[in-house]
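I have a structure here, written as structure tokens, and I will follow up with some questions on it.
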Amino acid sequence: MIRLFTALCKTRLKILSEGVLFQEATGGHRHLGKRCPRCGAVGKLSGYGDYGRDLSSFEDGKTVDRKVRPKRVKCGSCGATHALLPDIAIPYGRYSLVFVLTVLAAYFERATTVEKICVNFKIAISTIYEWKKRMVSDKELMLGMLISRKAPALGFLRGLLRSDRLSGILREFYRNHGFSFMQRRSSPATRSRSP
């Protein structure tokens, strides 16, 4: 997978739907001159079609489910294929990053019950608690453990959603940790073992 960090910021999120942002990010991407994440070869990536994927977002007060088609590239050196995935999407998940951050902000506002939040956003209760756990972990990675403990979760989430540097923040997190913010990671107990 190759992450595409676009000009994701509060202004664009207010003006454009997440579906349009997704298409913009993947449609105009130039893969020429990019490095293959597997073998490191530069300039060997070429178009290799696309694939279907679900993307759920929260727009105008309702959950919107749509099909998106991330583009794929293939390395002419090692033969590996990679999806081009913009920062609006969380790898291996169906919900957009903004959707997840919005749900978590509603949770930490404590203005309503968890059950009502889950009904409003059409998610399972277990999902919100999984996201909360992941966000707390990623927040510590992003801010450092000591600062993270002092920073309230709601303020942190609102800061991300309102930031004009959101793509830069996400890019830096990915560069520092090798996975995307809010990306599900397997635990040692659930990783498949080789024979």
Side-chain angles (χ1 to χ4, degrees), residues 1-31 49-73 82-109 111-112 116-135 138-139 142 153-175 177 179-185:
M1 164 183 29
I2 297 173
R3 295 295 281 159
L4 306 176
F5 296 98
T6 60
L8 191 56
C9 64
K10 65 180 179 182
T11 307
R12 291 177 56 78
L13 289 169
K14 287 181 182 177
I15 296 170
L16 301 173
S17 76
E18 292 180 49
V20 170
L21 289 169
F22 190 97
Q23 291 310 114
E24 251 185 32
T26 58
H29 180 70
R30 301 282 181 244
H31 49 269
D50 58 25
Y51 69 98
R53 169 193 169 127
D54 294 323
L55 182 70
S56 295
S57 59
F58 195 72
E59 300 167 19
D60 298 321
K62 62 183 177 183
T63 300
V64 177
D65 296 318
R66 60 173 55 91
K67 287 277 190 196
V68 292
R69 303 214 49 92
K71 297 192 181 322
R72 294 186 63 78
V73 293
H82 308 285
L84 303 176
L85 198 59
D87 50 7
I88 197 77
I90 297 173
Y92 312 108
R94 74 169 285 149
Y95 298 98
S96 76
L97 177 64
V98 174
F99 181 95
V100 172
L101 297 179
T102 302
V103 169
L104 288 170
Y107 171 83
F108 284 106
E109 283 173 352
T112 188
K116 287 181 182 176
I117 293 170
C118 291
V119 167
N120 186 41
F121 289 97
K122 300 180 182 175
I123 60 171
I125 290 174
S126 60
T127 301
I128 201 167
Y129 288 115
E130 178 185 328
W131 289 346
K132 176 187 171 194
K133 181 179 176 183
R134 203 176 312 153
M135 188 278 301
D138 287 358
K139 177 179 162 234
M142 189 178 282
L154 183 57
F156 172 74
L157 292 165
R158 284 183 176 160
L160 285 178
L161 287 167
R162 294 176 182 160
S163 177
D164 282 328
R165 293 187 352 94
L166 183 55
S167 283
I169 293 166
L170 298 173
R171 175 185 292 121
E172 191 66 24
F173 185 91
Y174 183 77
R175 191 176 302 146
H177 304 292
F179 55 86
S180 296
F181 184 75
M182 294 300 297
Q183 178 179 336
R184 178 182 289 164
R185 299 174 297 280

Legend entry - Partners meeting salt bridge (charged side-chain N to carboxylate O under 4.0 Å, His left out) with D164 (sequence neighbours left out):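 Applying salt bridge (charged side-chain N to carboxylate O under 4.0 Å, His left out) to D164 gives none.
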
Legend entry - Student check: side-chain heavy atoms of P86 and L21 closer than 4.5 Å: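 The answer is no, as the side chains (C-beta and beyond) never meet within the 4.5 Å cut-off.
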
Inset, instruction - Just jot down the salt bridge (charged side-chain N to carboxylate O under 4.0 Å, His left out) partners of K67, sequence neighbours excluded, or say none. - result: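 D54.
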
Inset, instruction - Compare every heavy atom of N120 with every heavy atom of T63, then report the nearest pair and how far apart it is. - result: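 Shortest heavy-atom separation between T63 and N120 comes out as OG1-O, 4.0 Å.
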
Inset, instruction - Could you list the residues that satisfy side-chain contact (heavy atoms from CB on, under 4.5 Å) with V20, not counting sequence neighbours? - result: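 So V20 forms a side-chain contact (heavy atoms from CB on, under 4.5 Å) with L16, S17, E24.
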
Legend entry - Pair listing, salt bridge (Lys or Arg N to Asp or Glu O under 4.0 Å) test, anchored in residues 120-133, at least two apart: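 Checked against salt bridge (Lys or Arg N to Asp or Glu O under 4.0 Å) - neighbours excluded - the pairs reaching residues 120-133 are E130-R134, E130-R184.
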
Inset, instruction - Evaluate the ring planes of F121 and F58, with Trp represented by its six-membered ring, and classify them as parallel (under 30°), tilted (30 to 60°) or perpendicular (over 60°). - result: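 F121 vs F58 ring planes: tilted.
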
Legend entry - Spacing of OG1 belonging to T6 relative to CD1 belonging to I88, to within rounding of 0.5 Å: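 Separation between the atoms: 7.0 Å.
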
Inset, instruction - For atom OH of Y92, decide whether the heavy atoms of other residues, nucleotides or ligands shown that lie under 6.0 angstrom number more than 12. - result: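 Counting other residues, nucleotides and ligands, OH of Y92 stays at 12 neighbours or fewer.
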
Legend entry - Close side-chain approach of F99 and I123, heavy atoms under 4.5 Å: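 Sidechains of I123 and F99: in contact.
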
Inset, instruction - For the residue pair D50 and R72, establish whether any side-chain heavy-atom pair is separated by less than 4.5 Å. - result: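 SC-SC contact between D50 and R72 ruled out.
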
Inset, instruction - Starting at CG of L170, measure out to CD of E172 and round the result to the nearest 0.5 Å. - result: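 Spacing of CG (L170) from CD (E172) equals 11.0 Å.
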
Legend entry - Aromatic centroids of Y95 and W131 separated by under 6.0 Å: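 Yes; Y95 has its ring centre under 6.0 Å from that of W131.
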
Legend entry - R53: side-chain hydrogen bond (donor to acceptor under 3.5 Å, both in side chains) partners, not counting sequence neighbours: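 Scan of R53 (side-chain hydrogen bond (donor to acceptor under 3.5 Å, both in side chains), adjacent residues dropped) gives none.
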
Inset, instruction - For R171, check side-chain contact (heavy atoms from CB on, under 4.5 Å) against everything at least two apart and list the hits. - result: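 Expected list: F5, R175.
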
Inset, instruction - State which residues pass salt bridge (charged side-chain N to carboxylate O under 4.0 Å, His left out) with R165; sequence neighbours excluded, sorted by chain then number. - result: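 If we apply the salt bridge (charged side-chain N to carboxylate O under 4.0 Å, His left out) test to R165, skipping adjacent residues, there are no hits.
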
Legend entry - Beyond-backbone contact of L104 with F156, side-chain heavy atoms, under 4.5 angstrom: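 No, their side chains stay 4.5 Å or more apart.
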
Legend entry - salt bridge (Lys or Arg N to Asp or Glu O under 4.0 Å) partners of residues 89-109, not counting sequence neighbours, each pair once: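 Qualifying pairs, neighbours excluded: D65-R94, E109-R158.
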
Inset, instruction - Using the test side-chain contact (heavy atoms from CB on, under 4.5 Å), find all partners of A111 that sit at least two apart in sequence or belong to another chain. - result: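 Scan of A111 (side-chain contact (heavy atoms from CB on, under 4.5 Å), adjacent residues dropped) gives none.
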
Legend entry - Under the side-chain hydrogen bond (donor to acceptor under 3.5 Å, both in side chains) test, residues paired with S57 that sit two or more places apart: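 For S57, the residues satisfying side-chain hydrogen bond (donor to acceptor under 3.5 Å, both in side chains) (neighbours in sequence not counted) are E59, R66.
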
Inset, instruction - Kindly give the heavy-atom pair with the smallest separation between A89 and L55, and that separation in Å. - result: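 Of all heavy-atom pairs spanning A89 and L55, the closest is CB-CD1, 4.4 Å.
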
Legend entry - Atom pair CD1/CG of I90 and L85 - distance to nearest 0.5 Å: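 Atom-to-atom, I90:CD1 and L85:CG are 10.0 Å apart.
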
Legend entry - Heavy-atom check, side chain of L84 versus side chain of P70, under 4.5 Å: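 They are not in contact (no side-chain heavy atoms under 4.5 Å apart), so the answer is no.
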
Legend entry - Non-hydrogen side-chain atoms of M135 and L157 separated by less than 4.5 Å: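 Yes, close enough: below the 4.5 Å cut-off.
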
Legend entry - Closest heavy-atom pair and its distance - K139, A153: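 That closest heavy-atom pairing would be NZ-N, 4.2 Å.
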
Inset, instruction - Using the test side-chain contact (heavy atoms from CB on, under 4.5 Å), find all partners of F179 that sit at least two apart in sequence or belong to another chain. - result: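 Per chain and number, F179 pairs via side-chain contact (heavy atoms from CB on, under 4.5 Å) with D138, L141, F173, H177, Q183, R185.
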
Inset, instruction - Measure the shortest side-chain to side-chain distance between D87 and L97 over non-hydrogen atoms and say whether it is less than 4.5 angstrom. - result: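 The answer is no, as the side chains (C-beta and beyond) never meet within the 4.5 Å cut-off.
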
Inset, instruction - Please assess Y51 against V68 for the test side-chain contact (heavy atoms from CB on, under 4.5 Å), listing each intermediate value before the final yes or no. - result: CA-CA 8 Å; Y51 69 98; V68 292; over 6 Å; no

